[in-house]
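Side-chain atoms are counted along with the backbone in the values below, which use heavy atoms only and exclude waters and symmetry mates.
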Amino acid sequence: MVVGTTNTSFDIVRGKSWFGDQLLVNIRNLAEQVDLPRVLFNSFYIAIISTVATLLVSSLAGYAFEIFRHKWRERIFAALLLMLSIPFAALMVPLFVMMAGAGLINTYAAIILPTVANIFVIFYFRQATKAFPHELRDAAKIDGLKEWQIFLRVYMPVMRSTYAAATIIVFTLTWNNYLWPLIVLQTNDMKTMVLTISSLNSAYTPDFGVIMVATVITTLPTLVIFFLLQRLFVQGMLGSVK
């Protein structure tokens, strides 16, 4: 992919496997075909807001499912997990109708809202919360902290490795989301990088050098996020809590 950014479309098709001298040409062609700053802003805005909102809402739900006792708790949680078996294709039409009824078609909210309560992330946080030292919560309550203060001041700092792992997962899923944005984002000024690559690839004569440049640009943010949070990601996946 990186080698392809430096070659012409013809060189890529014929299988050239070494660097060329067309990188600047491909970058210039991409900038001429796509409003790159706007598309990158759309992608970053949606990915960042979705990630923050999902982590907050889903971690609150995971915390509540594990900490608070209720006779219906396990049944509600089992019903949530059962919903994971429903394919997104079965949800697209009713979800689109809901968004259209709310007047949210072709808006950032249409992409962000359906991702906020992520069942997998709720499950992930609940499992991680099983290792959370309940003595810390008891000590905080004795000190007079309210439940929301315990969550913000005690739970979140202790579970930072879990949040790091969830950040990588959620950001990557949101950044690479294709099908739902394709359905609800209807104008070019609202497109994300993934949709832009798809449109470049669907041209009558696609320029693969330009596509490779766009693909590298799209890949970089997820790589940066992963390498920045790599150590905490490993701890979070192992369920370690210090």
NZ/NE/NH1/NH2 to OD/OE distance under 4.0 Å, Glu135 and Lys141: no
Less than 4.5 Å apart, any side-chain heavy atom of [X] and any of [Y]?
X      : Y      : value
Phe65  : Leu80  : yes
Phe132 : Val154 : yes
Thr215 : Thr218 : no
Phe88  : Trp180 : yes
Met1   : Thr219 : yes

Measuring from atom [atom1] of [X] to atom [atom2] of [Y], what distance do you get when rounded to the nearest 0.5 angstrom?
X      : Y      : atom1 : atom2 : result
Leu152 : Glu147 : CG    : CD    : 10.5 Å
Phe41  : Asp35  : CZ    : CG    : 12.0 Å
Arg153 : Leu136 : CZ    : CG    : 15.0 Å
Met156 : Thr162 : CE    : OG1   : 11.5 Å
Asn42  : Asn188 : CG    : CG    : 10.5 Å
Leu173 : Thr222 : CG    : OG1   : 11.0 Å

Tyr163 ring center near Phe125 ring center (under 6.0 Å): yes
Could you see if [X] belongs to whatever hydrophobic cluster contains [Y]? Use Ile, Leu, Val, Met, Phe, Trp, Tyr and a side-chain cutoff under 4.5 Å.
X      : Y      : result
Val116 : Val184 : yes
Leu182 : Ile112 : yes
Ile122 : Phe120 : no
Val194 : Ile211 : no
Val52  : Ile46  : no

Residue [X] excluded, over 12 heavy atoms near [atom1] under 6.0 Å:
X      : atom1 : answer
Lys146 : NZ    : no
Arg14  : CZ    : yes
Met98  : CE    : no

field: Audit row: Lys191, Leu185, side chain to side chain contact (heavy atoms under 4.5 Å, CB included) steps and yes/no
entry: CA-CA 7 Å; Lys191 281 186 176 181; Leu185 299 181; 5.8 Å; no
- request: Please test Ile12 against Met212 for side chain to side chain contact (heavy atoms under 4.5 Å, CB included), starting from the C-alpha separation and ending with a verdict.
  value: CA-CA 10 Å; Ile12 295 172; Met212 291 301 170; 4.1 Å; yes
Tell me yes or no: between the side chains of [X] and [Y], is some donor less than 3.5 Å from an acceptor?
X      : Y      : answer
Ser58  : Asn118 : no
Thr129 : Tyr155 : yes
Asp11  : Thr8   : yes

Distance-only, no hydrogens or angles: does the [X] side chain make a donor-acceptor pair with backbone N or O of [Y] under 3.5 Å?
X      : Y      : value
Thr51  : Thr167 : no
Ser59  : Leu56  : yes
Ser85  : Leu82  : yes
Asn176 : Thr172 : yes
Glu66  : Tyr63  : no
Asn29  : Val210 : no
Thr6   : Gly20  : yes
Thr115 : Ser50  : no
Asn26  : Asn7   : yes
Trp175 : Val170 : no

message: Please identify which of these residues, Val25, Leu30, Leu23, meets the side-chain contact (heavy atoms from CB on, under 4.5 Å) condition with Ile27.
response: Leu23
task: Show your reasoning for whether side chain to side chain contact (heavy atoms under 4.5 Å, CB included) applies to Thr107 and Met99.
output: CA-CA 10 Å; Thr107 65; Met99 293 301 163; over 6 Å; no
- prompt: Could you go step by step and tell me if Tyr108 and Ile49 meet the side chain to side chain contact (heavy atoms under 4.5 Å, CB included) rule?
  reply: CA-CA 9 Å; Tyr108 296 125; Ile49 298 300; over 6 Å; no
field: Aromatic Phe68 / basic Arg73 pairing, under 6.0 angstrom, 45° off normal
entry: no
